[in-house]
Amino acid sequence: MVVRGGLRGEITWTRIEAWRVEMRIAVPGFTEDGWWRLTPQDGGTLVAHGFSHRGPLAVVLTRAFRGVVELRLAR
């Protein structure tokens, strides 16, 4: 994958199950471990999402990721 600024990295799906999906995004200086949890509820599915970041670039971008969970879930 290529992210803003031309950094190249990769996405790895680390767990895929009926009720949970986990992934890792890694570019130089930044790693995101993310998860989605799916729970049947009232004839539909409740989706929860979260992530954690690490690396020096993650420190610099901390403010940029505010609201990202909500944005991703709204899609």
Pair Phe51, Val68 - check side-chain contact (heavy atoms from CB on, under 4.5 Å), show working. CA-CA 10 Å; Phe51 56 76; Val68 168; 3.9 Å; yes
Can you tell me how far the CD1 atom of Ile11 sits from the CD1 atom of Ile25, to the nearest 0.5 Å? 5.0 Å
Can a salt bridge be assigned to the pair Arg72 and Glu70 using a cut-off of 4.0 Å between side-chain N and carboxylate O? no
Test side-chain contact (heavy atoms from CB on, under 4.5 Å) applied to Met1 and Val27, step by step: CA-CA 9 Å; Met1 66 178 247; Val27 298; 4.3 Å; yes
Is it the case that over 12 heavy atoms from other parts of the model lie below 6.0 angstrom from the CZ atom of Arg15? yes
Is there a side-chain contact between Trp36 and Met23 (heavy atoms, below 4.5 Å)? yes
Report yes if the side chains of Ser52 and Asp33 come closer than 4.5 Å at any heavy-atom pair, otherwise no. yes
Closest non-hydrogen atoms of His53 and Ala58, given as atom of the first, atom of the second and distance, are CB-CB, 3.7 Å
Leu7, Phe30: one ILVMFWY side-chain cluster at the under-4.5 Å cut-off? yes
Closest approach of Val21 and Glu17, non-hydrogen atoms and distance? CG2-O, 4.3 Å
What is the distance from atom OG1 of Thr39 to atom CZ of Arg20, rounded to the nearest 0.5 Å? 10.0 Å
Donor-acceptor under 3.5 Å (His49 side chain, Trp35 main chain): yes
Heavy-atom pair of closest approach, residues Gln41 and Leu46: OE1-CD2, 3.1 Å
Got a second to check how far Arg24's CZ is from Thr12's OG1, nearest 0.5 Å? 7.5 Å
